[in-house]
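Comments concern the structure below.
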Amino acid sequence: MEKICIKGMNHEELQTLCIEAGETKFRGGQLFEWLYRHGISSFDSMSNINKSFREHLNEHFILHTLTVENSLPSEEDKSVKILFRTRDDHFIETVSMVENNRHTVCLSSQAGCVLDCHFCATGKLGLKRNLSTGEIVDQLIYVRENTDQPITNVVFMGMGEPFHNYDNVLNASDIFHSPKGFNLASTRITISTAGLLPQINKYIKEKRRYKLAISLNASNDKVRTKIMPINKKWSINDLIKSGKEYSNQKKRLIMFEYVLLKGINDSEEDALELARLLQGIPCKINLIPYNEIEGKYQRPDEATITKFSEILHNYRDEYRVLVRWSKGQDIAAGCGQLAGQKK
Ligand code: SF4
């Protein structure tokens with residue numbers, strides 16, 4: 001009989017598994033803690049679980065979903081890029097970024113991506129498949145086990161469109177948030193979408209309160225459609241309307257991300273148009289200077305980036321503007337650079 005992967009199962013699923021094996025429901029809670037709080041690497045380390053049940057688990061379940069192919073530390077900062085291989089031989093990447101007391105882990109939600117945003121290396125791969133909840137959780141367990149600094153933030157900004165893998169991303173987030181799992185506050189978990197409107201609207205109705213970011217990258221539909229084909233389906237105005245709805249419903253600011261591309265979306269007119277577009281929307285704006293990959297697009301110079309940010313700042317003071325300089329440039333670990341390829 002083929003073994004089933006236990007990693008990624010939630011509390012209720014583990015309880016059911018225990019009852020079906022003739023154990024008490026209570027054991028499900030113990031399993032949950034061993035799997036996620038302790039991140040065990042062998043069923044035999046579960047000291048409060050009886051031997052015969054451990055043997056049953058060894059016989060029927062798999063504990064690991066990923067193997068590490070490569071771990072690449074940056075020489076410029078404290079970033080590390082990890083290349084994982086899935087059991088069916090796909091490659092995915094995860095980035096750990098440490099700055100002062102903040103340790104952010106950028107997770108992948110899919111092997112590849114179907115959306116083909118033109119500035120993104122992952123988009124060039126096409127979609128291989130969605131990652132399981134266990135594969136998402138195992139990325140974080142690996143980083144936790146292999147760094148000294150406690151993880152403070154998780155962002156779904158690695159490979160893939162998280163809302164194309166809606167259930168598994170939210171199930172993994174629930175494990176990260178659980179006090180018996182990783183115990184991260186909901187404000188420490190951010191899901192970033194390229195703008196899947198139906199899923200954004202579905203998420204707004206969820207009880208879960210993880211932070212939401214929308215990758216906007218343009219101030220009008222003409223430019224956005226040129227760099228993000230998904231914009232043909234759902235327009236900027238629809239996304240902004242839903243972003244406002246998210247901020248109002250969840251009492252949490254929506255974040256709009258804006259990758260600055262030289263000569264494409266970085267002019268003073270673009271900044272003014274964006275400022276007008278976001279007028280009256282409770283939000284944060286993250287400006288991300290483009291990380292160059294293969295020549296088609298370039299990063300604007302620093303003066304242009306500063307000017308763009310100032311125009312937004314000065315236009316109104318109701319939203320926060322941050323310039324996010326990507327970490328791990330020397331290891332191609334910045335936003336849009338993850339290609340999941342074995343070099
Ligand atoms: S930016 Fe995100 S959504 Fe767009 S192609 Fe890359 S991974 Fe996919």
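Side chains included, hydrogens not; waters and symmetry mates left out as well; all remaining heavy atoms used.
- With hydrogens and angles left out, the side-chain atoms of T304 and D266 include no donor and acceptor closer than 3.5 Å.
- Residues forming a salt bridge (charged side-chain N to carboxylate O under 4.0 Å, His left out) with K128 (at least two apart in sequence, or on another chain): none.
- Side-chain contact of N10 with Y36: a donor-acceptor pair under 3.5 Å is absent, judged by distance alone.
- Using a cutoff of 4.0 Å between basic side-chain nitrogens and carboxylate oxygens, E59 and R54 are not scored as salt-bridged.
- Salt bridge absent: R299 and E292 never bring a charged side-chain N and a carboxylate O closer than 4.0 Å.
- Remark: the E257 side chain and the S192 side chain contain an N/O donor-acceptor pair separated by less than 3.5 Å.
- Separation of the Y142 and F84 ring centroids falls under the 6.0 Å cut-off.
- A donor-acceptor pair shorter than 3.5 Å cannot be found between the side chains of N130 and N168.
- Between F308 and Y258, the gap from one ring centroid to the other is short of 6.0 Å.
- Here T147 pairs with S96, H103, V143 under the side-chain contact (heavy atoms from CB on, under 4.5 Å) rule; sequence neighbours left out.
- Counted by atom type alone, R224 and S235 present zero donor-acceptor pairs between their side chains at under 3.5 Å.
- No continuous path of ILVMFWY side-chain contacts below 4.5 Å connects Y315 to L322, so the two sit in separate hydrophobic clusters.
- Relative to the six-membered ring of F256, K284 misses at least one condition, a distance below 6.0 Å or an angle of at most 45° to the axis.
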